[in-house]
Amino acid sequence: MGDLKLTTVEEMEAATARLLETGAKVGADAWQLRVKNQTPHCKFGEQGVCCRICAMGPCRITPKAPRGICGCDVHGIVGRNYLKFTAGGAATHSDHGREICHTLYEAKPDGAYKVKDPEKLIRIAKEWGVETEGKDIYDLAHEMAETALMEYGKPFGVQRWLKRAPEHTQKLWHDAEIEPRAIDREVATSLHMAHMGCSSLPEALVRQSLRAGLADGWGGSMCGTEFSDVLFGTPKPLDTEANLGVMNADNVNIVVHGHDPSLSEMVCEYADDPEMIAYAKSMGAKGITVSGVCCTSNEVAMRRGVPMAGNFLQQENVVLTGACEAIVVDVQCIFPALGPLSKCFHTKFITTSPIAQMPDSDYIRFDVGTAAEKAKQIVMTACENFKNRKPDLVYIPDMKQKATVGYSFEALVKTLDGVTNSQVDVTGTTKPLIECITSGVIRGAVAMVGCNNPKIRPDYAHIELMKKLIANDIVVVASGCSAQAAAKAGLMDKAAKDLCGAGLKRVCELADIPPVLHMGSCVDISRMMVLVAELAKDSGLNISQLPVVGCAPEWMSEKAVSIGNYVVATGIDTFLGVDPYVAGSSEMGQWLTEGVRDWVEAAYTVETDIEKLVDKMIDRIEEKRTALGI
Ligand code: MSK
């Protein structure tokens with residue numbers, strides 16, 4: 001197995017247990033304890049059969065009470081809850097995208113935010129039919145930002161990004177009436193439909209769920225990804241490290257957590273500033289270490305090589321090390337628990353966004369106009385806090401893995417270009433990858449995404465599924481906390497090729513890639529949509545015919561449901577390890593696992609047994625290969 005030694009889930013659990021001992025000493029709460037307090041969960045909630053969308057209830061559906069007070073049956077209640085869940089996720093991702101557009105609008109050659117990838121900006125402008133000739137790049141950036149912002153509220157037409165999809169997919173969306181219009185409109189329409197006295201027909205609620213999801217994946221998230229690349233650079237393969245051992249006991253440790261790279265990029269920029277490093281030294285530290293948690297971590301890892309301290313369910317662990325001077329957060333997936341927890345240590349819990357304000361935090365409001373000064377203030381605050389550390393509470397698990405990250409669509413195409421033996425010039429296309437798949441060297445691909453969830457042993461499903469997939473010559477592209485689980489375990493180390501079947505191992509060697517490819521954060525699942533769209537166009541197949549599936553084995557957030565809806569709606573069968581609160585309705589179950597296939601040629605599979613889940617994915621990939629005769 002070469003020089004690779006994977007970090008096992010058992011080893012990570014032992015490290016967590018040790019950290020929880022520190023927590024117990026200082027009277028800290030932890031999610032492991034709160035799960036116990038919340039168990040058993042409410043059965044009505046679990047099945048999605050509780051309705052509190054008006055004040056006549058709440059109503060709960062039981063065999064004795066099969067309808068709510070308004071007369072809505074269980075299928076309507078479950079369906080409305082599902083649509084509202086989706087709308088929450090679509091709103092969240094899309095608002096993140098909107099913030100990036102605003103940042104781009106404020107970009108200036110001498111400002112805190114600059115255009116780092118002008119070629120990409122020009123490429124997108126041409127795609128959108130915006131004149132680029134002779135235009136100053138910043139004028140173009142402002143025009144494109146404004147055009148993108150109009151996508152959120154335009155009164156007529158459908159999303160601009162949809163044109164990136166193969167014509168067949170666009171036709172499916174049109175025929176099923178799920179082409180997303182203005183991004184905000186799909187969120188608002190979803191909430192309207194789920195209001196008391198509106199839709200209670202599962203078919204209509206599922207249709208709108210797909211549409212709202214598409215407004216996210218082929219709308220708001222795509223704005224987030226594409227314009228983040230324009231602002232901060234399109235990711236290229238970079239070496240980094242992952243797991244709690246990336247924190248450094250001798251240094252000021254700043255942990256960035258959340259999603260929007262506008263904050264984390266600026267904090268990283270200042271943490272590298274010689275003036276700040278000198279300031280840290282004047283406080284008794286040897287330097288400054290920035291590491292990340294959740295998707296912010298993915299953003300700065302793939303553009304700067306900033307190490308990844310952990311994923312969603314490790315966010316408390318970074319504070320429990322006793323060596324975290326500041327945990328700096330923006331939006332999404334942030335435990336309010338970080339407030340009281342940080343009070344048990346010297347850690348500053350710094351919130352920065354009006355969208356995510358929490359008790360027991362230091363609020364340093366961050367905005368585009370004052371980004372540089374606020375980032376400097378944050379770094380200085382962390383440095384000054386070094387002296388407050390309690391040495392007897394410091395314990396950083398000696399646990400980290402090498403990882404190569406940063407496989408944006410552009411980087412992936414470029415990297416795989418060298419793999420084929422074909423004499424045909426395939427530069428800039430996905431044809432080398434198609435050749436690997438059609439020849440059977442690679443059997444297919446799985447997009448592994450999503451969170452951790454205490455309902456599943458943390459990281460276990462991500463890591464075990466990936467190990468089995470790569471052993472079966474199935475390449476994995478990963479994003480979000482799934483990507484971090486892979487990195488922490490060692491699956492993004494190029495040496496992980498030794499865990500692959502012979503075909504995938506050969507491809508990893510030829511292309512010099514790890515078998516699990518890091519594609520970025522949650523919004524970057526839009527990169528995966530671009531990848532499958534190009535694979536379909538370059539192969540002449542429909543997306544649904546490709547031996548490709550999606551999987552979120554440990555998902556927990558509303559955003560994940562929105563993602564699932566757009567991945568399915570794009571024609572990719574999607575496998576979930578956690579039920580999206582629809583178990584209470586046979587009709588909703590039927591629509592999501594079968595009915596939607598008539599519209600978009602793909603559907604969901606929900607399987608909570610992880611062994612069965614991976615086998616079902618492999619079977620599905622092999623069925624698709626058989627149907628293609630390859
Ligand atoms: S951070 S949505 S826990 S993947 Fe994007 Fe991780 Fe899930 Fe948040």
Side-chain angles (χ1 to χ4, degrees), residues 31 85-97 99-100 213 216-217 220-221 224-225 228 242 255-264 291-302 306 308-318 327-338 353 355-356 405 447-456 458-459 461-463 465-466 476-488 516 518-528 550-567 574 576-578 580:
W31 66 260
F85 214 82
T86 304
T92 304
H93 269 156
S94 298
D95 212 31
H96 168 166
E99 289 294 323
I100 295 294
D216 168 356
S221 277
T225 295
S228 288
V255 177
V256 288
H257 173 16
H259 282 77
D260 185 340
S262 307
L263 167 74
S264 46
S291 58
V293 168
C294 279
C295 281
T296 275
S297 178
N298 289 314
E299 298 278 1
V300 287
M302 65 184 175
V306 168
M308 303 190 262
N311 49 358
F312 179 61
L313 282 181
Q314 276 190 309
Q315 60 184 285
E316 291 173 299
N317 286 10
V318 298
I327 180 160
V328 188
V329 304
D330 49 54
V331 291
Q332 303 166 28
C333 304
I334 301 147
F335 275 176
L338 292 177
S353 169
I355 288 172
V405 299
M448 290 282 299
V449 306
C451 330
N452 300 126
N453 185 327
K455 286 179 180 164
I456 311 276
D459 291 337
H462 290 300
I463 294 168
L465 291 181
M466 289 185 207
V476 174
V477 291
S479 76
C481 290
S482 185
Q484 290 167 328
K488 288 190 303 174
V516 179
H518 183 282
M519 278 199 109
S521 62
C522 299
V523 291
D524 292 337
I525 296 167
S526 63
R527 296 188 200 278
M528 298 176 183
C551 179
E554 303 184 24
W555 74 273
M556 64 84 205
S557 78
E558 290 171 316
K559 290 178 290 175
V561 173
S562 176
I563 293 167
N565 286 334
Y566 74 71
V567 174
T574 298
L576 303 179
V578 178

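When reading the values below, keep in mind they use all heavy atoms of this one structure, side chains included, and skip hydrogens, waters and symmetry mates. Just so you know, ligand 1 is whichever comes first in the structure, and atom 1 is the first atom listed for that ligand. Here, residue 1 is the first one in the sequence, and each next residue gets the next number.
- Annotation: the span from Gln315 atom CD to Asn452 atom CG amounts to 9.5 Å, rounded to 0.5 Å.
- For Glu554, there are no salt bridge (Lys or Arg N to Asp or Glu O under 4.0 Å) partners two or more places apart in sequence or in a different chain.
- Glu316 places a side-chain N or O within 3.5 Å of a backbone atom of Trp31 that can act as its donor or acceptor partner.
- A side chain to side chain contact (heavy atoms under 4.5 Å, CB included) with His257 holds for exactly one of Thr296, Val318, Ile327; it is Ile327.
- Listed by chain and number, the protein N, O or S atoms at a distance under 2.8 Å from atom 8 (Fe) of ligand 1 are Cys333 SG.
- For Asp216 (side chain) and Gly213 (main-chain N/O), no donor-acceptor pair under 3.5 Å exists by modelled atom type.
- Residue contact check for ligand 1: Gly450 places a non-hydrogen atom closer than 4.0 Å to it.
- With a 4.5 Å cut-off on side-chain heavy atoms, Phe335 and Leu313 count as touching.
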